[in-house]
Amino acid sequence: MAQLITDGSNHGVHPFVCQLRDVDTHLPLSGIELGDIGTKQGWNGIDNGYLRLDNVRVPRTNMLMKYFVVHKDGRYERIGSNDKAIYSTLIYARSLCASFYGGRMVIMAASVAIRHCLVMKCDKYGSLFENRFVKNTLVTELASGLAIWLAGNALSNEYKRLLPRIMDGDSSPLPALHAISSGYKALSTYLGPEGVERCRRCCGQVGGLVASGLPIISETVSPGVTIDGDNTVMYLQLARYLVKLERRRREDGDSKNERGDDVDNEFDSSGPNSKSFALHMIKLHGLKSQKLIEQAYDRMTSLVTSEGLPLYEAWNRTSVDLVQAAEAYTISYAVKSFYDVIMSCGNDQDGGPDRDDEDLKNVLFDVLCLFAVHSFVSSVNVCYHLLTDKLPTSNLSDLRQSIDKMVDKLAPNALALSDGLDLSDAELDTCIGTYCGNTDADIFNYVADVQPYNAKPDLLKPVLEGLRNYFKLRSRL
Ligand SMILES: Cc1cc2nc3c(=O)[nH]c(=O)nc-3n(C[C@H](O)[C@H](O)[C@H](O)COP(=O)(O)OP(=O)(O)OC[C@H]3O[C@@H](n4cnc5c(N)ncnc54)[C@H](O)[C@@H]3O)c2cc1C
């Protein structure tokens, strides 16, 4: 990709193909400088390269000209009105990021840690898992991983469903898809490293052993926040879309909030009906997200109208508020999306849920409620002043307390839920959380095999002799 400049006009970044190496010698062609960029923070199996082209002539026909063309005389012309379709691959990549970093990778870390902590004995409580802090951390992270994974998958499916329409020239679904995929990418890659690290800590220092598998997962997720678009920029892209929606809502004279006006401040989080509580949490998240975007919008417009700042400067000064609003919207969207996934569960082929599906749905509602409450209370401080009429302090306190009860309800299903993903021992690559739960034996087998000199004690003999000679020499001196 490179900036395309014709007749003095810059048309932006455009793709082209270009031969880099000699087919026989594999050496770079004249004017081409390339190489490997070296070791990175994670993803070292991918050999990212650098490339510099110095006076290299690329034939015009080497450009990928499906949506635009550069004519022989240098004229630039767009073909059709579907050039925005090229962004659709970006949307798909971001939806994959969403289900991967804060989803599958957190589930993997939680699975290893849950298996390990369940079998590690602890004097007072039976197992390490029964420590309140460990149990809350692991069950909450598992719930978060499942929620993000399912919401991310739902977005990928939505993209695949809409793609034929987009390729046929209907670009109307793109703005919303682009906005929410940007938000998901940011949310998931923020939650990923935090979640994996919290699971790792629950295992104590064996979680620091590379053989536990957890440091590898941690290294893989840690660069996610800047990969494929920095997260702040991602949230600001979503915020741009939300600001447009908010402006349109006000121009249309719609004084009602998009969601959340009907939040009921009477609720029961301990009752058997997780579904109705999930609906309550969807409204609460919707309200929080709406209040935050209203606040950011008001601040930005007042900087323009009262202080006379140009829009770009007002935007820059409001960017912290905008990022908070975008994050709240993304969580709210993920909660709603997870709810829709549960509701469609079992309806795919045979027309109606059977009993097993109902049982599964109930457990998934427990997962959803825990994710929804935990994500709400852990970020409510930034906007509590906007919610006091709908959420009295006593209710917020009840919500906080309800997390323990939800964790206790979900904990007996934690192992089954993580096993439900069929994560193989080979994929987890761990000696502390294998499927059979044989932690102690696995650790000993691993450390005995890991270094060649463990199996051959006399391997160190020459080193010891060398050291002895060295010190003798020193003492003579
Ligand atoms: C080692 C390495 C490997 C890579 N691998 C790949 C790869 O395999 N595939 C691929 O496609 N790309 C790859 N990239 C590119 C990568 O996607 C980008 O580096 C990434 O999108 C971040 O962009 P940036 O580095 O330009 O940072 P910038 O966008 O310049 O961000 C720098 C800082 O400025 C802030 N900032 C920037 N713009 C704004 C704004 N408008 N408002 C507010 N704050 C802003 C950001 O929040 C951030 O804190 C790689 C890059 C590196 C260095």
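Numbering of ligands and ligand atoms starts at 1, following listing order.
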- Task: Check each of Val233, Asp228, Thr232 against atom 45 (C) of ligand 1 and report the one with the nearest heavy atom.
- Result: Val233
- Would you say atom 39 (C) of ligand 1 touches the protein, meaning some protein heavy atom is under 4.0 Å from it? yes
- Message: Measuring centre to centre across the rings, with the benzene-like ring taken for any Trp, is Tyr87 within less than 6.0 Å of His178?
- Response: no
- Item | Side chain, backbone, both or neither: the part of Thr226 lying under 4.0 Å from ligand 1 by heavy atom | backbone
- Quick one: which residue pairs count as a ring-ring contact (aromatic ring centres under 6.0 Å, His included) with a foot in residues 296-327, not counting sequence neighbours? none
- Message: Strictly inside 4.0 angstrom of atom 52 (C) of ligand 1, do you find any protein heavy atom?
- Response: no
- Sidechain-backbone polar pair: Thr430 side chain, Gly433 backbone, donor-acceptor under 3.5 Å: yes
- Message: Counting C-beta onward and ignoring hydrogens, is there a side-chain heavy-atom pair between Leu284 and Met281 closer than 4.5 Å?
- Response: yes
- Message: Let's go through Arg249 and Glu246 carefully: what are the C-alpha distance in whole Å and the side-chain angles of both, what is the deciding distance for salt bridge (Lys or Arg N to Asp or Glu O under 4.0 Å) to 0.1 Å, and is it a yes or a no?
- Response: CA-CA 5 Å; Arg249 188 179 71 81; Glu246 181 61 15; 2.7 Å; yes
- Task: Decide whether the shortest distance between a heavy atom of Gly229 and an atom of ligand 1 is less than 4.0 Å.
- Result: yes
- Message: Closer than 4.0 Å and a protein heavy atom, does any atom meet both conditions relative to atom 48 (C) of ligand 1?
- Response: yes
- Query: Do the side chains of Leu138 and Phe133 get nearer than 4.5 Å, heavy atoms only?
  - Reply: no
- Item | atom 24 (P) of ligand 1 touched by protein heavy atom at under 4.0 Å | no
- Message: Just by distance, no angles: are the side chains of Ser289 and Ser332 close enough, under 3.5 Å, to form a donor-acceptor pair?
- Response: no
- Heavy atoms of the protein only: does one fall short of 4.0 Å from atom 10 (C) of ligand 1? no
- Message: Is atom 7 (C) of ligand 1 near the protein, in the sense that some protein heavy atom lies at less than 4.0 Å from it?
- Response: yes
- Using the six-membered ring wherever Trp is involved, compare the ring planes of His14 and His11 and label them parallel, tilted or perpendicular (cut-offs 30° and 60°). perpendicular
- Can you find a protein heavy atom under 4.0 Å from atom 17 (O) of ligand 1? yes
- Message: So, regarding Asp230 and ligand 1 (criterion: nitrogen or oxygen to nitrogen or oxygen, under 3.5 Å), is there a contact or not?
- Response: yes
- What protein heavy atom sits nearest atom 5 (N) of ligand 1, and how far away is it? Asn48 ND2, 3.2 Å
- Closest by any non-hydrogen atom to atom 1 (C) of ligand 1: pick that one out of Leu236, Ile37, Val323. Ile37
- With sequence neighbours left out, write down each residue that passes side-chain contact (heavy atoms from CB on, under 4.5 Å) with Glu194, or none if nothing qualifies. none
- Query: Any side-chain heavy atom of Arg317 sitting closer than 4.5 Å to one from Met300?
  - Reply: no
- Query: Any protein heavy atom under 4.0 Å from atom 32 (C) of ligand 1?
  - Reply: no
- Honestly, for Ile46 the part within reach of ligand 1 (heavy atoms, under 4.0 Å) is neither
